[in-house]
Amino acid sequence: MRLTIIHPAIGHRRGQNYIRAWQMEALPAAAIAGLTPPGVDIRFYDDRMEPIPYDEPTDAVAISLETYTARRAYQIASEYRRRGVPVIVGGFHATLCPEEAERYAEAVVTGEAEQIWPQVIDDLRHGTLQKRYRAESRPELAAIRVDRRIFGNKRYLPIRLIETGRGCRFPCDFCAIQTFFERSYRTRPLPDILHEIATLKDGARLFFFVDDNFAGDMALMRELLPPLARLKVRWITQMSINAAHDEGFVAELAAAGCLAVLIGFESLNKANLAAMNKDFNTMRGAAETTMRGGYAAALANLRRHGIGVFGTFVFGYDHDSLEAFAEAADFAIEQRLYIAAFNHLVPFPGTPLYQRLAGQGRLRYDAWWLDPAYRYNEVPFTPASLTPGQITEHCIAARRRFYSWPSILSRGLDRAANFGAAFNGFKWRNYWPINLMHRTDITGRDGYPLGDETWPGELLEAAR
Ligand code: B12
Ligand code: SF4
């Protein structure tokens, strides 16, 4: 049996290559390949970097859906449907919007694939493919199998992606993770993680632990860090800010090779953080009681141990004012963040935020991710205190401020942040090209189409 796995782009703009910063290894595709039983001939195409040979013979197609890639995925599915090939979709968006996905796929797999995928393949073999699959329970993460051979010679960014755990227990109302994982968090068996890193480390410049919250179980991660240190690899990850208040933990992260962490600050406004259910960010009960002080204390710990911070901020919650954008950029500069993102809030379907905005009649599109008129970085809802245009304009202004030459130089040349006992040459050398890349990309993604803008015709629906 022949199976074609496809990782879709968010879209294609006429005459332009895909956004380079997003061309990382397609881990969902490698996970599906790794779970596929032997005897299946697998082909893999990454829509972000190569054309899809629709006429190549295949018995079925598996496509991973995210909300931003859904429209493009349905275009690809339409091409295969026209050729009589069944399409199976899974992933975040398929789980958040299964009824929609069902319209454009012969089969929809919701949730994680580890338990259920072998059955899908078996049904395909026997011609008994079902419309919907969902595993009875969440899989043990010992079941993760990643087959990176499918990547071949594709020109991915030189970063190896690895899962150490899945999910997050926090309840942030805008976040698709808490919906998808229902506020659960599990880690992989530590020997599996260490084994996977050991087998990939030759020639790997940097690992990215793609966990949504690497500090989801600090006690367990503390057990991982000493053997990880012995592997002598460099890595980055994502974590919630509460972990940075534990200086001992931060020191162990640094000793284990952690160069930088992505932290979602989201807002400097307490009322906004409360509205998004993220007031744990204010670190109530910590030594510093004011929110700015709280962030500052955590960030000082990270700086002291040479861990860079990628800070993310969102705008569009009800208590944002025009001043909030510059305040966030200034805070990010003062705190010497390595890089930072200033984006509008995104209502992902299935999240509490989405339900709330829908209930208040504030969504500007029925389904922004499918609407041909919608473009990347357009605010798809009506904010309470600002206009959509003001949010877009001021996000760009915040990026310009943060990636201005004085800011890049002051952050990069800051003594305390970069030249203390924890000086790391690799991190510092890479600071300059990474910041320059962001500087040139301040508006580069704005207006990017969802779906291929040159794709002709209407989406072809699957038989019901
Ligand atoms: C690494 C990562 C990135 C990387 C690279 C991604 C890549 N490979 O190209 C970068 C930084 C570039 C990135 C960019 C963006 N990302 Co991102 N990213 C992630 C992250 C952290 C890990 C993805 C991953 O590899 N997971 C491991 C795989 C194995 O897990 P999985 O995808 O869930 O797959 C399992 C199941 O879902 C299922 N499954 C998945 N696909 C399929 C397909 C079939 C057929 C089947 C049967 C099953 C199945 O089976 C798998 C095994 O159980 C996730 C969060 C997360 N925890 O997953 C966010 C996440 C996917 N990203 C997200 C977003 C929004 C983006 C951006 C749009 C952000 C932006 N700047 O605007 C861009 C879009 C880029 C693009 N699509 O081209 C959202 C998507 C939300 C949604 N509703 O769709 C997520 C969930 C983060 C979040 N907190 O909400 N991202
Ligand atoms: S802490 Fe991060 S991953 Fe967890 S629910 Fe909040 S935004 Fe999502």
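Note that the coordinates shown come from a computational prediction; the quantities given were computed from them, not determined experimentally. When a ligand or atom number is given, it counts from 1 through the structure's own listing order.
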Considering distance alone, does some N or O of Tyr376 sit under 3.5 Å from an N or O of ligand 1? yes
The salt bridge (charged side-chain N to carboxylate O under 4.0 Å, His left out) partner of Glu114 among Arg166, Arg145, Arg186 is Arg166
Under 4.0 Å from ligand 1, counting heavy atoms only, is it the side chain of Val346, its backbone, both or neither? neither
Starting from atom 34 (O) of ligand 1, locate the nearest protein heavy atom and write down its residue, its atom name and how far away it is, to 0.1 Å. Pro28 CB, 4.2 Å
Checking a contact table here: which protein heavy atom is nearest atom 50 (O) of ligand 1, and how many Å away? Ala113 CB, 3.3 Å
Would you say Cys168 reaches atom 4 (Fe) of ligand 2 with an N/O/S atom under 2.8 Å? yes
Using a 4.0 Å heavy-atom threshold (strictly under), name the region of Ser240 that reaches ligand 2: side chain, backbone, both or neither. neither
Salt bridge check, Glu196 against Arg188: does any charged N sit closer than 4.0 Å to a carboxylate O? yes
For ligand 2, indicate whether the residue Arg169 contacts it via side chain, backbone, both or neither (heavy-atom separation under 4.0 Å). neither
Ligand 1-proximal atoms of Val109, by part, heavy-atom distance under 4.0 Å: side chain
Which label fits Phe348 and Tyr68: parallel for a plane angle under 30°, tilted from 30 to 60°, or perpendicular past 60°? perpendicular
Counting non-hydrogen protein atoms only, what is the nearest one to atom 55 (C) of ligand 1? Give residue, atom name and distance. Asp212 OD1, 3.3 Å
Would you mind telling me if ligand 1 is within reach of the side chain of Leu96, the backbone, both or neither, using heavy atoms under 4.0 Å? side chain
If you measure from each non-hydrogen atom of Gln23 to ligand 1, which part falls under 4.0 Å: side chain, backbone, both or neither? neither
Tell me the protein heavy atom at minimum distance from atom 4 (C) of ligand 1, and give that distance in Å. Met24 SD, 3.9 Å
Specify side chain, backbone, both or neither for Phe174, according to which of its non-hydrogen atoms lie closer than 4.0 Å to ligand 1. neither
So is Tyr18 close enough to ligand 1, meaning a heavy atom under 4.0 angstrom away? yes
Should the heavy atoms of other residues, nucleotides or ligands under 6.0 Å from CD of Gln16 be counted, would the total exceed 12? yes
Any protein heavy atom < 4.0 Å from atom 44 (C) of ligand 1: yes
Can you pull out the closest protein heavy atom to atom 82 (C) of ligand 1? Residue, atom name and distance to 0.1 Å, please. Thr67 OG1, 3.5 Å
Tell me whether ligand 1 is touched by Gly111 - counting only heavy atoms on the residue side and a distance under 4.0 Å. yes
Going by the 4.0 angstrom heavy-atom rule, the piece of Trp22 near ligand 1 is both
What part of Asn343, side chain, backbone, both or neither, has a heavy atom within less than 4.0 angstrom of ligand 1? neither
Under 3.5 Å between some N or O of ligand 1 and some N or O of Thr69? no
N or O contact, Glu114 vs ligand 1, cut-off under 3.5 Å: yes
For atom 49 (C) of ligand 1, which protein heavy atom lies nearest, and how many Å away is it? Gly91 N, 3.4 Å
Measure the distance from atom 66 (C) of ligand 1 to every protein heavy atom, then report the residue, atom name and distance (to 0.1 Å) of the closest one. Glu66 OE1, 4.3 Å
So, Tyr403 versus His438, ring centres under 6.0 angstrom or not? yes
Tell me, please: is Glu25 in heavy-atom contact with ligand 1, that is, under 4.0 Å? yes
